[in-house]
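See below for the structure under consideration.
In what follows, residues are counted from 1 in the order of the sequence shown.
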Amino acid sequence: MTLEELEARLRKVEDIEEIKKLQARYVYLLDTFQVDKIPDLFADEFIMEMDGQGPFKTKEEVLMIFKGAAKRYSMMCHQTMTPYIEVD
């Protein structure tokens with residue numbers, strides 16, 4: 001295995017770990033009703049669809065959606081134990 005191949009493999013593993021951290025942070029913010037912080041998890045450019053709604057393309061729209069969802073639920077508990085992540 002070349003150094004370049006090894007670096008590419010390491011980068012892929014690091015990317016997967018960062019995605020896991022992002023997913024865990026998202027679930028934590030949802031479950032603790034800190035929806036004001038959820039838009040900060042999104043990239044500057046994105047497209048989001050949720051519950052058959054969308055596409056949403058601004059962080060303001062994301063905040064509106066999650067504030068509305070938080071009003072509908074008094075308790076949430078998400079479990080993310082088996083992530084399925086593919087990196088290209």
Revision key, fill the gap. Heavy atoms of Met50 and Ile65 approach each other most closely as CE-CG2, 3.8 Å

Exercise for review: Kindly compute the distance separating OG1 (Thr2) from CD (Glu5), expressed to the nearest 0.5 Å.
Suggested key: 3.5 Å

Check your understanding: With sequence neighbours left out, what residues match Lys20 under salt bridge (Lys or Arg N to Asp or Glu O under 4.0 Å)?
Key -> Glu17

Practice item. List for me each residue that meets salt bridge (Lys or Arg N to Asp or Glu O under 4.0 Å) alongside Glu18, sequence neighbours excluded, and say none if there are none. Key: Lys21

Exercise for review: Any chance you could lay out the side chain to side chain contact (heavy atoms under 4.5 Å, CB included) test for Lys57 and Met48, step after step, and finish with the verdict?
Suggested key: CA-CA 7 Å; Lys57 298 180 181 180; Met48 181 186 95; over 6 Å; no

Check your understanding: When rounded to the nearest 0.5 angstrom, what is the spacing between CG in Leu6 and CG in Leu3?
Key -> 6.5 Å

Exercise for review: Would you check if Glu61 and Thr58 make a side-chain contact, meaning some heavy-atom pair closer than 4.5 Å?
Suggested key: yes

Atom pairs and distances, side-chain donor-acceptor, residues 38-47, under 3.5 Å, sequence neighbours left out:
none

Practice item. List the steps and the verdict of side chain to side chain contact (heavy atoms under 4.5 Å, CB included) for Leu10 and Glu7. Key: CA-CA 5 Å; Leu10 178 59; Glu7 288 173 343; 5.7 Å; no

Exercise for review: Determine whether Val27 and Leu63 fall in the same hydrophobic cluster, where Ile, Leu, Val, Met, Phe, Trp and Tyr are linked whenever their side-chain heavy atoms lie under 4.5 Å apart.
Suggested key: no

Practice item. Might you point out which heavy atoms bring Val35 and Phe66 nearest each other, and give the distance in Å? Key: CG1-O, 3.7 Å

